[in-house]
Protein chains: 2
Amino acid sequence: MELSPTAKVILGVLGMGPRSGYEIKALVDRSTRFFWAASYGQIYPELRRLGEAGLVEGTDSPTGGRKRTVYRLTPTGEGILRRWLGTPPEIYEMRHEGMLKLFFADALEPAERIERLREMQTLHRDKVAALREIEPAASEFPDSSPYQVLRFGIEFNEWVVEWCERAVEELEARLAAKRTG
Amino acid sequence: MELSPTAKVILGVLGMGPRSGYEIKALVDRSTRFFWAASYGQIYPELRRLGEAGLVEGTDSPTGGRKRTVYRLTPTGEGILRRWLGTPPEIYEMRHEGMLKLFFADALEPAERIERLREMQTLHRDKVAALREIEPAASEFPDSSPYQVLRFGIEFNEWVVEWCERAVEELEARLAAKRTG
DNA sequence: AAATCCATGTAATTCGTTACATGATTTG
DNA sequence: CAAATCATGTAACGAATTACATGGATTT
């Protein structure tokens with residue numbers, strides 16, 4: 001039973017309690033999206049597949065005349081979630097356009113290379129700001145895993161901001177040395 | 001002229017000098033793969049498309065009876081590369097299974113949560129080791145952008161290893177406090 | 001009354017990996 | 001001479017986003 005990327009988030013989220021597809025998407029957008037995204041085009045078909053495979057179970061629970069299906073884990077699904085959680089992580093990927101541009105920055109003037117670094121810094125500063133907005137709500141449960149993960153996100157992005165700062169300083173020092181030397 | 005993800009690496013690599021598709025792939029695998037991967041199934045078709053669009057130009061230069069096409073940037077391609085390099089980065093994505101498992105770790109025993117963290121730590125320790133192997137060769141050009149990016153990779157992964165260490169210590173302290181308290 | 005939110009779902013398109021097929025050349 | 005490397009390419013498949021379509025409920 002190989003779990004698809006989207007199945008992993010769905011099972012994990014349903015492990016916290018029953019939810020509709022819409023609610024799963026909303027939760028993902030507020031939390032795991034920073035390291036594990038999922039769109040409607042993935043979530044709804046995957047919920048159907050997981051239902052067919054017997055890992056989740058949908059119950060109709062409309063709000064008024066608005067139809068709505070709430071999904072919960074079956075015992076099988078619960079077991080498979082546990083098993084997956086108990087396995088070492090395998091997937092770790094990054095797609096970082098700032099890094100890519102920096103990698104090719106030898107083709108640029110030194111001043112432009114510094115500009116590239118500044119832009120990368122801005123991007124990560126914005127990430128810190130975005131995550132800090134979530135923080136007050138999340139800090140209600142300071143011992144929880146989700147809060148720990150949020151802290152990681154904030155501290156990691158702060159680290160990158162500082163790294164950029166140091167990199168800029170080094171480059172500027174080198175530029176100055178070249179001018180005077 | 002919207003550049004595809006693979007077009008970005010290809011143009012960047014060709015900006016450092018003419019290369020065959022095979023050589024592009026080899027370089028990517030030794031360098032940008034950590035933050036921008038590309039496979040044969042992307043590279044060869046994209047080289048053809050870039051050729052049709054007039055950004056690159058292929059020249060037959062067989063080695064013996066083994067056919068081989070070396071690509072170089074056209075002036076148009078050069079210009080488009082420059083323009084892209086001079087624009088703020090937009091794409092920044094991460095897919096981190098360790099983080100995802102940690103996020104859902106409230107469903108686990110505290111001891112298991114610590115295990116999850118240890119596994120994440122191992123993963124990043126392995127990354128540090130892998131990058132350190134490349135370092136000696138890269139450090140020949142300590143002022144180059146690629147070396148700077150490699151340093152980022154090493155230092156970033158080291159930071160994560162330390163973060164995991166701190167997180168484990170906190171959790172262990174909390175566990176101990178619970179036992180005695 | 002309009003805007004926003006709740007809710008579900010699909011179609012089109014792009015992106016990306018893996019595996020396969022083919023064959024020459026070099027190195028041990 | 002076997003294995004590794006150089007070299008190009010495609011087919012099958014899976015993953016993912018975006019946009020669209022539809023419609024009820026709630027809020028302003």
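Chain identifiers are assigned alphabetically (A, B, ...) following the order of the sequence lines, protein sequences preceding nucleic acid strands; residue numbering begins at 1 within each chain. All values reported here derive from a predicted model rather than from experimental measurement.
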Whole angstrom is fine here: how far is it from [atom1] in [X] over to [atom2] in [N]?
{"X": "A:Lys67", "N": "D:dA21", "atom1": "NZ", "atom2": "C1'", "result": "13 Å"}
{"X": "B:Tyr71", "N": "D:dG9", "atom1": "OH", "atom2": "C1'", "result": "10 Å"}
{"X": "B:Trp36", "N": "C:dG16", "atom1": "CH2", "atom2": "C1'", "result": "13 Å"}
{"X": "A:Arg30", "N": "C:dC6", "atom1": "CZ", "atom2": "C1'", "result": "14 Å"}
{"X": "A:Leu3", "N": "D:dA15", "atom1": "CG", "atom2": "P", "result": "11 Å"}
{"X": "B:Ile10", "N": "C:dC15", "atom1": "CD1", "atom2": "P", "result": "12 Å"}
{"X": "B:Ile91", "N": "C:dT14", "atom1": "CD1", "atom2": "P", "result": "15 Å"}
{"X": "A:Ile43", "N": "C:dC6", "atom1": "CD1", "atom2": "P", "result": "15 Å"}

Closest listed nucleotide, where the reference is the side chain of A:Glu23 and the choices are D:dA15, C:dA7, D:dA16: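 The closest nucleotide is C:dA7.
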Residue B:Arg68, side-chain heavy atoms: nucleotide from D:dA7, C:dT8, C:dG16 that is nearest: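 Nearest listed nucleotide: D:dA7.
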Short side-chain N/O contact from A:Tyr22 to OP1 or OP2 of C:dC6, under 4.0 Å: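 The answer is yes; a side-chain N or O of A:Tyr22 sits under 4.0 Å from OP1 or OP2.
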Residue-phosphate contact under 4.0 Å: A:Ser20 side-chain N/O, C:dT8 OP1/OP2: yes
Sugar-phosphate only, base, or nothing, as touched by B:Pro62 at under 4.0 Å among non-hydrogen atoms: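 Since no nucleic acid heavy atom lies under 4.0 Å of B:Pro62, the category is nothing.
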Side-chain atoms of residues 165-172 of chain A: list all donor-acceptor pairs with protein atoms under 3.5 Å, sequence neighbours left out, distances to 0.1 Å.
residue	atom	partner	partner atom	Å
A:Glu165	OE1	A:Arg118	NH1	3.1
A:Glu165	OE1	A:Gln121	NE2	2.8

Results of side-chain hydrogen bond (donor to acceptor under 3.5 Å, both in side chains) for [X] - residues two or more places apart only:
{"X": "B:Asp29", "result": "B:Lys25"}
{"X": "B:Ser61", "result": "none"}
{"X": "B:Tyr22", "result": "none"}

Any pair counted as ring-ring contact (aromatic ring centres under 6.0 Å, His included), so long as it reaches residues 48-79 of chain A, sequence neighbours left out: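 Pairs touching residues 48-79 of chain A that pass the test: none.
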All pairs passing ring-ring contact (aromatic ring centres under 6.0 Å, His included) where residues 112-139 of chain A contributes a residue, at least two apart: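 Output for this query lists A:His96-A:His124, A:His124-B:Tyr92.
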A:Tyr147 side chain to A:Glu135 side chain, donor-acceptor N/O pair below 3.5 angstrom: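 A donor-acceptor contact under 3.5 Å links the two side chains.
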End-to-end axis angle, where each axis spans five pairs of the helix from C:dA1-D:dT28 to C:dG28-D:dC1, to 10°: 40°
Tabulate below the donor-acceptor pairs under 3.5 Å that side-chain atoms of residues 99-114 of chain B make, not counting sequence neighbours, or state none.
residue	atom	partner	partner atom	Å
B:Lys101	NZ	A:Trp84	O	2.8
B:Lys101	NZ	A:Thr87	O	2.5
B:Asp106	OD1	A:Ser145	N	3.1
B:Asp106	OD1	A:Ser145	OG	2.9
B:Asp106	OD2	A:Ser145	N	3.3
B:Arg113	NE	A:Ser145	OG	3.4
B:Arg113	NH1	A:Asp143	O	3.2
B:Arg113	NH2	A:Asp143	O	3.2
B:Arg113	NH2	A:Gln148	OE1	3.1

Within residues 153-164 of chain B or reaching into it, pairs that qualify as salt bridge (Lys or Arg N to Asp or Glu O under 4.0 Å) - sequence neighbours excluded: B:Arg132-B:Glu158, B:Arg151-B:Glu155
Salt bridge (Lys or Arg N to Asp or Glu O under 4.0 Å): pairs with one or both residues in residues 79-91 of chain B, sequence neighbours excluded: B:Glu78-B:Arg82
Sorted by number, the residues of residues 45-54 of chain B with heavy-atom contact under 4.0 Å to DNA chain C: none
Base-contact (B) and sugar-phosphate-only (S) positions in nucleotides 17-28 of chain C, heavy-atom cut-off under 4.0 Å, - elsewhere: BB-----BB---
Test: B:Arg116 and B:Glu97 ion pair at under 4.0 Å: no
Pair A:Trp163 + B:Phe156: ring centers closer than 6.0 Å: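 Ring-ring flag for A:Trp163/B:Phe156: false, centres at least 6.0 Å apart.
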